[in-house]
Each structure stands twice: as C-alpha cells, then as structure tokens.
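Structure record follows, encoded as structure tokens.
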Amino acid sequence: FNTPIYKSFNGEKQMRRTVKQFADLTLDECGTHINVFRDDMTLADMENIREHGHKIFDPLVRILESDPESCKRVFGRCLNTYAGAESDYRSHYSWISLRNLDRIEFRLCKFVSASQYFWLANMVAEITATVIDWSRKGRYEIAAGKIVKIFQKYRDGKALCQRPERNSK
C-alpha cells in the first residue's frame with residue numbers, strides 16, 4: 001500500500017475519511033512513511049540538507065531517544081531497527097532519510113488514527129519547510145531549534161490543526 005499523494009491539506013475532511021479506512025493498516029513493527037517535497041525544493045537544497053543533516057536533525061533525534069513515550073505519541077511508534085537513530089541520514093534505516101534527490105522521507109511515521117496521522121503529516125510538512133528555509137540561509141542551528149519546537153508543539157497538542165474546533169465532525 002502506498003499512501004495517497006496530497007499536494008495540500010485543502011481537502012482535509014476527505015483526506016481524513018480516506019485515511020480513516022486504514023486504521024488497521026500496519027503491524028507494530030511496520031510504519032507508514034511520509035515523503036515530503038516542496039515545489040521550490042532543488043537538488044542543491046537536498047545536498048545542502050544532507051551535508052548538514054547532523055546539525056539540523058541530531059537535537060531532535062536526541063529527544064526522540066530520551067523520551068520514547070513522546071516519540072510514540074507523535075510519530076505512532078518509537079525508534080527501531082527500521083527507523084532508528086542512525087548516524088547516517090542517507091541510510092534507508094534512519095528515522096529520517098535524506099537519500100532521495102527530491103524529498104525528505106520521514107520513516108518513523110506510523111498510522112495510529114486518522115487524526116494522529118493528519119497531525120503528523122502537518123508536522124512533517126512544517127518541519128520540511130523550516131529545514132529548507134533556514135538551510136538556504138546557512139542557519140542550521142536555528143533550523144534545529146525550530147524543528148525541536150515544532151515537535152514539542154505537536155507533542156503538547158498545541159498546533160493549530162490540533163485545536164478542538166478544527167477537529168469536530
């Protein structure tokens with residue numbers, strides 16, 4: 001199964017209905033990866049992000065390692081052998097893979113519920129945009145700090161898309 005390709009979240013309600021039917025999609029050891037690209041993302045952007053991946057992603061992976069409960073609440077599962085805290089972000093087995101030329105692959109993602117997966121998709125899209133924007137400026141440590149705050153916002157249920165009024169049927 002491949003997840004549908006969404007170019008935006010404009011059809012949010014339809015997306016939730018579509019995704020909801022896959023509630024039993026994965027086993028505990030399996031995930032539902034999310035690949036994110038942006039129309040203005042270039043090969044140079046990806047090479048820059050790959051070159052500085054440790055500066056950008058290591059602070060967040062340390063949090064994911066030290067707080068597996070938060071990791072599971074947001075991503076749907078903990079770091080594992082198929083989506084781990086690999087030291088090489090070009091690896092197919094890292095929680096985030098930068099081996100593709102045109103996208104960032106979030107391998108740690110696991111579908112738990114339609115709401116959780118929708119929020120997760122929003123979070124990884126926000127992380128990707130932040131990484132691209134700050135990496136273009138050569139501000140990798142700022143990107144790292146901002147993606148940690150993005151994760152914490154979603155972990156704590158404070159993202160705009162997580163507000164109760166946005167999640168009523």
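Within a 6.0 Å radius of CZ in Arg139, other residues, nucleotides and ligands contribute 12 heavy atoms or fewer. Annotation for Lys153: atom NZ counts as buried by contact number, over 12 foreign heavy atoms lying within 6.0 Å.
Summarising the geometry of Gln116 relative to Lys110, their closest heavy-atom pair is NE2-O, 3.1 Å, with the distance given to 0.1 Å. Closest heavy-atom contact between Ala125 and Val36: CA-CG1, 4.1 Å. Between Leu108 and Cys78, the shortest heavy-atom distance links the atoms CD1-O, 3.4 Å. Residues Arg38 and Asp133 share a closest heavy-atom pair of NH2-OD1, 2.8 Å. When every heavy atom of Leu79 is checked against every heavy atom of Glu65, the shortest pair comes out as CD1-CG, 3.5 Å.
The hydrophobic clustering, which links ILVMFWY residues whose side-chain heavy atoms are closer than 4.5 Å, places Phe118 and Ile127 together. Transitive grouping of hydrophobic side chains (ILVMFWY, heavy atoms separated by less than 4.5 Å) keeps Met123 and Trp134 in distinct clusters. Ile142 and Ile147 are assigned to two separate hydrophobic clusters, defined by single-linkage of ILVMFWY side chains at heavy-atom distances under 4.5 Å.
Taking the side chain as every heavy atom from C-beta outward, Phe151 and Val74 approach each other to under 4.5 Å. Contact of the Ile96 side chain with the Glu105 side chain is not registered, since no non-hydrogen atoms from C-beta on lie closer than 4.5 Å. Between Cys71 and Trp95, the closest side-chain pair of non-hydrogen atoms is not below 4.5 Å. Side chains of Ser135 and Ile56 form a contact here, defined as non-hydrogen atoms less than 4.5 Å apart. Residues Met46 and Asp102 form no side-chain contact, since every pair of their non-hydrogen atoms from C-beta on lies 4.5 Å or further apart. Annotation: side chain of Arg50 is in contact with side chain of Leu101 (closest heavy-atom distance under 4.5 Å). Side-chain contact between Phe106 and His33 is absent, with no heavy-atom pair separated by less than 4.5 Å. Counting heavy atoms from C-beta outward, Ile104 and Phe37 have side chains that stay 4.5 Å or more apart.
Side-chain polar atoms of Asp88 and Ser91 form no donor-acceptor pair below 3.5 angstrom.
For Arg62 and Asp67, the salt-bridge test fails: no basic side-chain N is under 4.0 Å from an acidic carboxylate O. Salt bridge Arg73/Asp156: absent, no basic N to carboxylate O contact under 4.0 Å.
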Test side chain to side chain donor-acceptor pair (under 3.5 Å) on Tyr140 and Asn48; report intermediate values, then the result.
CA-CA 10 Å; Tyr140 311 107; Asn48 187 25; 2.7 Å; yes
Could you give me the CA-CA distance, side-chain angles and deciding distance for Leu120 and Phe111, then say whether side chain to side chain contact (heavy atoms under 4.5 Å, CB included) is met?
CA-CA 9 Å; Leu120 182 55; Phe111 181 94; over 6 Å; no
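For the atom pair CD of Gln152 and CG of Leu60, the computed distance is 8.5 Å after rounding to the nearest 0.5 Å. Lys146 contributes atom NZ, which lies 10.5 Å from atom CD of Glu126 (distance to the nearest 0.5 angstrom). To the nearest 0.5 angstrom, Arg90 atom CZ is 8.5 Å from Glu51 atom CD. Put simply, CE on Met41 and CZ on Arg136 are 8.5 Å apart, with the number rounded to the nearest 0.5 Å.
Between the side chain of Trp119 and the main chain of Tyr154, no donor-acceptor pair closer than 3.5 Å is present. Looking only at distances, no side-chain donor or acceptor of Ser94 sits under 3.5 Å from a matching main-chain atom of Ser97. Without hydrogens or angle criteria, Glu47 side chain to Ala44 main chain gives no donor-acceptor distance under 3.5 Å. Panel note: side chain Arg107, backbone Tyr82; a donor-acceptor pair is recorded below 3.5 Å.
Between His54 and Tyr89, a ring centre-to-centre spacing shorter than 6.0 Å is recorded.
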